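One structure is given below, encoded as C-alpha cells.
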Amino acid sequence: MSSPAPWVQALLDWYARQGRALPWRRAHPDPYAVWVSEIMLQQTRVETVEPYFRRWMDRFPTVRALAQADEQEVLRLWEGLGYYRRARQLLAAAREVVARYGGQVPADPAELARLPGIGPYTAAAIASIAYGRDALALDGNLRRVLARFFGVETPVDTPAGQRELAALAQGAWPAGRAGDFNQALMDLGALVCTPRAPRCEDCPLRPWCRAYAEGRVADLPRKRGRARVPHHTVVAGVARRGETVLLAQRPAHKMLGGLWEFPGGKVEPGEDLAAALRREWREELGVDAEPGPELGVFRHAYSHFRITLHALSVLRVHGEPRPLQAAAVRWVPVSELASYPMGKVDRAIARQLQSSS
DNA sequence: GATGCGTGGCA
DNA sequence: TTGCCAAGCAT
C-alpha cells in the first residue's frame, strides 16, 4: 500500500487535531446514529441539528424503536427542522430495514441508496463513516473545498460538475479511511474553507490549493443562478367551537405533508381576504365560513417562496367540515395544540391562541 | 437537467 | 428588506 499524497496526509493530520467532537461521532459509530445524523444534516446546519439529534436518540435509540413509532410523534420530534419529508421517509426506511434486513443497517452504498430518503451522498456517508467503505461523500462542503483546491470552473451544482469533482478526489484517501477523509473535508469546509471569508491563513491545504495560488478563492465554486422567489398573500381561518379550534392535516405528498394547519390558502388577484377565505373553506372543507376580525399578520420565507399570512377569525361555520382537499379535519382542544405537528407559521398562530385563552 | 421542498443566520 | 447559504433527495 503506497502512502497518500502529501495534501491528504496534511488533511488527515489536521482532522485528527482540529476535527469537531459531535454527538454522532465515535471511534466505532453506531450505523443507525450515523444514518439519523446524515438525514437531519441534509441542507441543515450542525448547530441546528444537535439538540434534535439528542432528543431523537433518547426517544428512538434503535432502528426497531423507530420502526414501531407513530408518524405523528415522529413529525412532532422533527417539528422546526424543515423538509418534513425526511422524517416520514426515515420512518418508512426504518420499517424497511427491520422487515428486509432484520434491523441491521446495510453497509453497501447501492443497498443503502434503495431506501427512501437515502441518495448518493447519504449512502456514501453512512457506508464510509459507519462501515469504513471506500466511498466519496460529495456534499456541499466537499464540492466547495474541492472546487477551490483543484480550481474547477464547472458549476458544482450540476451533475457534470459533480462528476468532475468525484473523478479528481476518487481514491485519494488511504484504503479504509474514506470516512475520515470525507469528514475531514466537511470540517474543513465548515471551519476554514467557508463560503464567505474563508480563513486561508489557517488552512492545512494552502500549499497545494490551486484557487489560493491563482487568487481565485473568492470566485469559486461557481454555481448556477437561482430563480427569484415569488411573494404570495395568504389567508388562514381560525374557527372556535367551545374550547376547540378547527385544524386540517396537509396531504402527505405536498409541502409540509402530514402537518396540521389552520385552513386557508392563497389570495387570488382581485380578491379580498374575506372572499379568499370563504372560497378556500368551500373548496377544501365544503363549508360556508363567515370571516371575522384579523387576529394577526405573519411573514415567513419557505424554501421557494415567501408569504404574508393574514389570520382571520371565523365567526360561523355552516355545515360540518369535511377533508375534501386535506388528509383529515379535526376540532382540537386549544390545550392540546402542542401535540399536533405544525410548520412555523401555524405554530405561531397556535401559540397566540394558547396565550390568549 | 430543472424544480419542489423548511428553517435560521448572516450581510 | 431581501438574497444567499447550509452534511440533498425525489421526480
Side-chain angles (χ1 to χ4, degrees), chain A residues 19-20 22-25 34-53 75 78-90 92-93 112-126 128-130 135-146 154-163 179 181-191 193-198 221 223-231 250-259 261 298-308 341-348:
Chain A
R20 293 172 291 181
L22 298 171
W24 47 87
R25 282 190 180 164
V34 173
W35 176 18
V36 170
S37 73
E38 290 300 338
I39 299 297
M40 288 186 170
L41 286 162
Q42 289 170 6
Q43 302 288 281
T44 311
R45 289 181 155 77
V46 164
E47 316 84 75
T48 304
V49 164
E50 280 185 342
Y52 282 89
F53 177 81
L75 286 172
W78 201 273
E79 185 177 311
L81 259 189
Y83 288 134
Y84 297 93
R85 185 170 57 178
R86 293 183 295 176
R88 293 188 293 109
Q89 288 184 319
L90 181 53
L112 283 161
R114 289 198 197 98
L115 294 167
I118 299 185
Y121 161 76
T122 305
I126 297 170
S128 65
I129 296 170
L136 181 70
L138 195 63
D139 76 331
N141 286 305
L142 270 74
R143 289 202 291 271
R144 180 175 61 258
V145 173
L146 294 171
T154 315
V156 298
D157 54 349
T158 62
Q162 293 178 39
R163 278 195 301 273
F181 180 81
N182 289 328
Q183 293 182 95
L185 285 171
M186 290 178 204
D187 281 17
L188 193 67
L191 301 173
C193 195
T194 48
R196 284 181 297 234
K223 290 195 171 186
R224 288 193 319 256
R226 280 194 201 183
R228 195 163 290 173
V229 298
H231 191 288
R250 297 187 54 86
H253 300 291
K254 301 181 92 172
M255 186 172 70
L256 305 173
L259 275 58
E261 67 178 359
F298 303 82
R299 296 174 193 288
H300 186 63
Y302 291 104
S303 52
H304 56 300
F305 62 94
R306 293 172 185 270
I307 63 165
T308 300
M342 295 179 181
K344 210 190 155 211
V345 177
D346 289 281
R347 182 57 70 204

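Lettering follows sequence order; numbering is per chain, from 1. The model shown is predicted, which means the values in this text are computed figures rather than measured ones.
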Which part of the nucleic acid does A:W78 contact within heavy-atom distance under 4.0 Å: base, sugar-phosphate only, or nothing? nothing
Mind checking side-chain contact (heavy atoms from CB on, under 4.5 Å) for A:S303 and listing every partner two or more places apart, or none if nothing turns up? A:Y83
Charged N to carboxylate O under 4.0 angstrom, A:D139 versus A:R144? no
A:R143 (side chain) and C:dG8 (base): donor-acceptor pair under 3.5 Å: no
CZ of A:R196 versus C1' of B:dG9: gap in Å, rounded? 9 Å
Calculate the interatomic distance between A:R114 atom CZ and C:dA10 atom C1'; express it in whole Å. 17 Å
A:I129 and A:E38 have their tightest heavy-atom pair at CD1-OE2, 3.7 Å
Nearest whole angstrom, please: distance from the C1' of C:dT1 to the NE2 of A:H231. 10 Å
Checking side chain to side chain contact (heavy atoms under 4.5 Å, CB included) between A:L185 and each of A:L142, A:L138, A:L136, which is the one that passes? A:L142
With a non-hydrogen cut-off below 4.0 angstrom, is A:L142 in contact with a base, only sugar-phosphate, or nothing? nothing
Per nearest nucleotide of DNA chain C, the residue lying toward the 5' end, A:R306 or A:R144, is A:R306
Check every strand shown and say whether A:R299 touches a base, only sugar-phosphate, or nothing at a heavy-atom separation below 4.0 Å. nothing
Heavy atoms under 4.0 Å, any strand shown: does A:R25 hit a base, just sugar-phosphate, or nothing? base
By the 4.0 Å heavy-atom rule, please label A:V46 as base, sugar-phosphate, or nothing. base
Euclidean distance, A:Y121 OH relative to A:I126 CD1, rounded to 0.5 Å: 9.0 Å
Distance in angstrom units between A:L112 CG and C:dC9 P, rounded: 11 Å
Kindly say whether the aromatic ring centers of A:Y302 and A:H300 come within a distance under 6.0 Å. yes
Looking only at atom C1', what distance separates B:dG6 and C:dC5, rounded to whole Å? 14 Å
What distance, rounded to whole Å, do you find between the two P atoms, one in C:dC9 and one in B:dG8? 22 Å
Each nucleotide in nucleotides 2-8 of chain B should get exactly one letter: B, S or -. Can you fill that in based on protein heavy atoms under 4.0 Å? SBBBBBB
Expressed as a whole number of angstroms, how long is the span from A:Q162:CD to C:dG8:C1'? 9 Å
Which part of the nucleic acid, if any, lies within contact of A:Q89, taking any heavy atom under 4.0 Å across all strands shown: a base, the sugar-phosphate backbone alone, or nothing? sugar-phosphate
Specify the separation, in whole Å, of atom CG of A:L41 and atom P of C:dA6. 14 Å
Heavy-atom nearest nucleotide on DNA chain C for A:E38 versus A:G117: which residue maps closer to 5'? A:E38
Distance in angstrom units between A:I39 CD1 and C:dC9 C1', rounded: 9 Å
In terms of side-chain geometry, is the basic nitrogen of A:D187 or A:R20 positioned less than 4.0 Å from the acidic oxygen of its partner? yes
Residues two or more places apart in sequence or in another chain: which of them pass side-chain contact (heavy atoms from CB on, under 4.5 Å) with A:P251? A:K254
